[in-house]
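Read the structure below first, then the notes.
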Amino acid sequence: MAIVHRLLRSAAAAAFSPAAAAARRGLSALAAEQTLERNVQWVFLGCPGVGKGTYASRLSQLVGVPHIATGDLVREELASSGPLSQQLAEIVNQGKLVSDEIIMDLLSKRLERGETKGESGFILDGFPRTVGQAEILEGVTEIDLVVNLKLREDVLLEKCLGRRTCSQCGGNFNIASINVDEGNGKPGMYMPPLLPPANCMSKLITRADDTEEVVKKRLHIYNELSRPVEEFYRKRGKLLEFDLPGGIPESWPKLLQALNIEDHEDKQCAVA
Ligand code: ADP
């Protein structure tokens, strides 16, 4: 796939160089048009803990494209005990961003593996995370739609601290029970915990970077380096803003509605 080679070239280049809002209906129509020609190429943006992984992964199953999360690629590399793992552990555990060069290399390899399996299209989660990365991506392929998930900041920390993964099946859960009263002009919010089944209970692990100190650092870095990526796509008329109204049962149907996607009972999907 040409995109992979172009991404690889950009990755090398990244080592040396610094790296109008459209109406919802317009964006959905654009997304629908694109799917007629090829599989969707979407991006999910949002602060740590907002639920990018949860919603991107559900949508990818519905739309039939791979969900590619650069955070997962980084954690896989970290766990592999390869030459980069020590360096990555130090960066990630301090809540800092990995260099564009390393991220482009991990992403290119992931796309290449997908290509050999016949994958096409993608939902990217956690990439691009800087304007430099967004520029590299724009130079190599067309992004159809960028979904910006938003949640009140006081809830994000609690959600990150409640995240758990089953070390055996890899399932992601959240033990936080969020119940914020209405106040200061903000509506109340209820997000029930997403509890694991009984057989995962004793195998739950917490990400090393989901401590209070590191999450606060990541939120700070998001505001500084990733927030401008929203503006990058807003100016190009590709940003779909989505305020999460609550937990998955409440938010999922509303997200599908915003995207003009139908979730039939038989799990067939149609982008209307
Ligand atoms: P979050 O919950 O903060 O969205 P992720 O799982 O997406 O976490 O990413 C975990 C870590 O992996 C980040 O804190 C960062 O160190 C690294 N990382 C992931 N994606 C990128 C990227 N696009 N650019 C630089 N670093 C990244």
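One is the number of the first residue; the rest follow in order along the sequence. Predicted, not measured: the structure shown is a model, and the values here were computed from it. Just so you know, these numbers use all the heavy atoms, side chains as well, and skip hydrogens, waters and symmetry mates. Remember, it's 1-based here, ligands and their atoms both numbered in the order they're listed.
For the salt bridge (Lys or Arg N to Asp or Glu O under 4.0 Å) condition, the pairs that include at least one residue of residues 75-94, sequence neighbours left out, are D72-R75. Screening residues 151-162 for side-chain hydrogen bond (donor to acceptor under 3.5 Å, both in side chains) gives R152-D154 as the qualifying pairs, with residues at least two apart or on separate chains.
Dense packing is recorded around CD of E138, with more than 12 heavy atoms of other residues, nucleotides or ligands lying under 6.0 Å away. Other residues, nucleotides and ligands contribute over 12 non-hydrogen atoms within 6.0 Å of the NZ atom of K217.
Considering backbone and side-chain N/O atoms, D72 never comes within less than 3.5 Å of an N/O atom of ligand 1. By the 3.5 Å distance cut-off applied to N or O atoms, D209 is not counted among the residues near ligand 1. Considering backbone and side-chain N/O of V98, one or more are found under 3.5 Å from N/O of ligand 1.
Ligand 1 places these atoms under 4.0 Å from at least one heavy atom of R75: 6 (O), 10 (C). Applying the 4.0 Å criterion to heavy atoms of L97 picks out, from ligand 1, the atoms 25 (C), 26 (N). Against a heavy-atom cut-off of under 4.0 Å, F127 is close to the following atoms of ligand 1: 23 (N).
When all heavy atoms of C200 and C169 are compared, the closest pair comes out as SG-SG, 3.8 Å. Nearest heavy atom pair, residue P253 against residue P249, reads CD-O, 3.2 Å.
Scanning all protein heavy atoms for the shortest distance to atom 24 (N) of ligand 1 gives Q133 NE2, 2.9 Å. With hydrogens left out, the protein atom closest to atom 8 (O) of ligand 1 is R207 NH2, 3.2 Å, a heavy atom. Of the protein's heavy atoms, V92 CG1, 4.2 Å lies nearest to atom 11 (C) of ligand 1. Among all protein heavy atoms, the one lying closest to atom 15 (C) of ligand 1 is K96 O, 3.5 Å. With hydrogens left out, the protein atom closest to atom 20 (N) of ligand 1 is T70 OG1, 2.8 Å, a heavy atom. Looking at atom 27 (C) of ligand 1, its nearest protein heavy atom turns out to be I103 CD1, 3.7 Å. The protein heavy atom nearest to atom 19 (C) of ligand 1 is R129 NH1, 3.5 Å. Residue, atom and distance of the protein heavy atom nearest to atom 4 (O) of ligand 1 are K52 NZ, 2.9 Å.
Salt bridge annotation for E119-R110: present, with a cationic side-chain nitrogen under 4.0 angstrom from a carboxylate oxygen. With respect to R218 and D210, a salt bridge is recorded, a charged nitrogen being found less than 4.0 Å from a carboxylate O.
Residues D144 and Q41 have side chains that never bring a donor and an acceptor to within less than 3.5 angstrom of each other.
In this structure, I91 has no heavy atom closer than 4.0 Å to ligand 1. The closest approach between R163 and ligand 1 falls below 4.0 Å for a heavy atom of the residue.
Seen from the ring of F232, R234 does not count as a face-on cation partner, given the 6.0 Å and 45° thresholds.
A donor-acceptor pair under 3.5 Å is absent between the side-chain atoms of K238 and the main chain of V146, judged by distance alone.
In this comparison of G51, G126, G132, S99, the heavy atom closest to atom 23 (N) of ligand 1 sits on G126.
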